[in-house]
Amino acid sequence: GCTVKYSGYLGNWNKLFCSNGNSKYPRLMKIGKDITLWGLEIGLLSMTKGEAALFVLTPEYAYGQRGCPPSIPPNTTVLFKVEVLDFIDSEECDTFFELTYEQQDRLPLEKVLKVAATEREFGNYFFYNQRFKIAKNRYKRALSILGRSSASKAEQSQINASKLLLFLNLSLTYLKLERADRALKYGELALEMDQGNAKALFRCGQACLYMREYSKSQDFLTRAQCIQPFNRDINNELKKLA
């Protein structure tokens with residue numbers, strides 16, 4: 001999936017026929033599904049995140065002999081100005097979630113962790129675009145595949161590290177969704193894995209403050225402040241509590 005800022009032109013870069021430049025949060029699009037213009041597909045696959053490019057697409061790479069009436073005449077060369085804002089490779093995830101649970105279980109842990117990390121990346125993308133419900137669902141989807149327990153200590157610590165990040169993400173996302181009870185739950189799950197995690201203590205403190213459980217909030221925030229005495233966010237939250 002990729003998020004792209006694009007503008008399509010006819011003639012000598014002077015006749016704009018399509019653009020998403022005014023969109024504050026361009027949507028995540030799939031190459032081959034949402035982006036079907038052949039020349040644009042080829043061009044985007046050659047680009048990296050943050051790159052901008054100008055493409056000149058002859059008719060066979062664009063709208064062909066028929067064009068696209070009324071805006072694009074037959075046999076027209078079109079010009080595209082493109083910037084790749086974000087790029088997340090979803091192919092491995094799509095394949096993984098098409099498998100049965102038994103097939104997923106037989107895959108090496110390395111692959112499962114990679115899929116979970118990509119799902120978390122999708123969650124982060126939606127979170128930063130203020131689409132908190134979708135972000136929450138992506139984080140939970142990542143969590144759903146990390147249920148396996150491993151006999152190996154090293155493998156279990158890899159699983160736990162991946163789960164910890166998701167617990168913290170979910171705690172923050174639920175705060176944004178104004179579901180402080182769920183935010184507290186995920187903050188506490190993070191603390192079960194890492195009792196000295198300042199971020200988890202801070203999230204729990206924020207959730208309790210939202211629920212007006214002031215002494216519990218004080219307890220969490222003071223513990224967070226002991227670990228990170230100069231953290232401005234923690235200190236500001238304690239001032240708010242006072």
Side-chain angles (χ1 to χ4, degrees), residues 1-3 28 30-31 45 48-50 86-129 131-177 179-207 219-220 223-224 226-228 231 233-234:
C2 61
T3 37
L28 196 67
K30 275 194 173 182
I31 293 173
L45 288 169
T48 55
K49 183 175 169 177
D86 218 330
F87 185 86
I88 308 168
D89 188 356
S90 64
E91 193 178 349
E92 210 165 349
C93 288
D94 295 342
T95 309
F96 180 89
F97 285 106
E98 281 165 12
L99 301 173
T100 64
Y101 290 126
E102 290 76 21
Q103 288 171 322
Q104 288 177 8
D105 258 354
R106 285 200 292 270
L107 289 174
L109 179 66
E110 188 187 338
K111 182 154 250 184
V112 176
L113 291 172
K114 193 177 173 197
V115 169
T118 305
E119 282 297 314
R120 184 170 160 265
E121 224 180 305
F122 273 113
N124 291 347
Y125 166 79
F126 288 113
F127 181 92
Y128 290 119
N129 284 279
R131 295 169 73 185
F132 303 120
K133 273 190 176 168
I134 303 175
K136 172 201 73 168
N137 292 339
R138 295 313 282 247
Y139 294 143
K140 284 193 164 181
R141 193 153 103 129
L143 210 47
S144 75
I145 65 170
L146 294 172
R148 61 164 76 180
S149 56
S150 175
S152 142
K153 222 173 180 181
E155 282 197 348
Q156 195 58 55
S157 76
Q158 281 183 289
I159 294 168
N160 289 352
S162 190
K163 282 167 99 166
L164 178 64
L165 291 172
L166 289 161
F167 289 151
L168 291 168
N169 284 144
L170 278 162
S171 185
L172 178 57
T173 307
Y174 273 115
L175 282 171
K176 295 287 186 186
L177 289 166
R179 289 290 311 278
D181 55 329
R182 308 291 293 162
L184 178 60
K185 177 199 152 182
Y186 282 105
E188 288 180 327
L189 283 169
L191 287 173
E192 280 175 28
M193 295 200 148
D194 179 8
Q195 59 183 7
N197 190 296
K199 208 175 259 186
L201 290 164
F202 177 58
R203 300 272 176 263
C204 290
Q206 282 181 299
D219 177 51
F220 281 124
R223 281 161 65 195
C226 287
I227 297 160
Q228 292 188 2
N231 185 306
D233 291 332
I234 296 169

| query | Is Lys136 atom NZ crowded by more than 12 heavy atoms from other residues, nucleotides or ligands, each under 6.0 Å away? | reply | yes
Rounded to the nearest 0.5 Å, the NZ atom of Lys111 sits from the CD atom of Glu92 at a distance of 4.5 Å
Checking Leu165, Leu143, Val115 against Arg120 for side-chain contact (heavy atoms from CB on, under 4.5 Å), the one that qualifies is Leu165
d(Tyr125 OH, Ile134 CD1) to nearest 0.5 Å is 9.5 Å
Rounded to the nearest 0.5 Å, the CD atom of Glu119 sits from the CZ atom of Phe96 at a distance of 9.5 Å
For Leu99 and Gln104, the nearest pair of non-hydrogen atoms, with its separation, is O-NE2, 3.5 Å
request  = Find out whether the Lys NZ or Arg CZ of Arg141 is both under 6.0 angstrom from the six-membered ring centre of Phe97 and within 45° of the ring's axis.
outcome  = yes
| message | Please tell me whether Phe220 and Phe202 form a close aromatic pair, meaning their ring centres lie under 6.0 Å apart. | response | no
Heavy-atom nearest pair, Ala207 first then Ala183, reads CB-CB, 4.1 Å
query: Just checking, Arg131 and Phe126: is the charged tip under 6.0 Å from the six-membered ring centre and within 45° of the axis?
result: no
Check your understanding: Would one find more than 12 heavy atoms of other residues, nucleotides or ligands at under 6.0 Å from atom NZ of Lys140?
Key -> yes
Note: Ser171 and Arg203 closest approach over all heavy atoms is OG-CB, 3.2 Å
*Do Glu121 and Arg138 meet the salt-bridge criterion of a basic N to acidic O distance under 4.0 Å?*
no
Cys204 and Leu191 have their tightest heavy-atom pair at SG-CD1, 3.9 Å
dist Asp86:CG -> Tyr128:OH (nearest 0.5 Å) comes out at 11.5 Å
When every non-hydrogen atom of Leu175 is compared with those of Gln206, the smallest separation belongs to CD1-OE1, 3.3 Å
*Where does the angle between the aromatic ring planes of Phe167 and Tyr186 fall among parallel (under 30°), tilted (30 to 60°) and perpendicular (over 60°)?*
tilted
Ser162 side chain to Ile159 backbone, donor-acceptor under 3.5 Å: no
Check: Thr100 main-chain N/O paired with Gln103 side-chain donor or acceptor under 3.5 Å:
yes
Taking 4.0 angstrom as the limit, do Asp181 and Lys185 come out as a salt bridge? no
Between Leu164 and Ala190 the two heavy atoms that sit nearest each other are CD1-O, 3.5 Å
Leu146 side chain reached by Leu113 side chain, heavy atoms, under 4.5 Å: yes
One should read off an interatomic distance between Tyr139 OH and Asn124 CG, to the nearest 0.5 angstrom, of 3.5 Å
CG of Asn197 to CG of Leu168, rounded to nearest 0.5 Å, is 5.0 Å
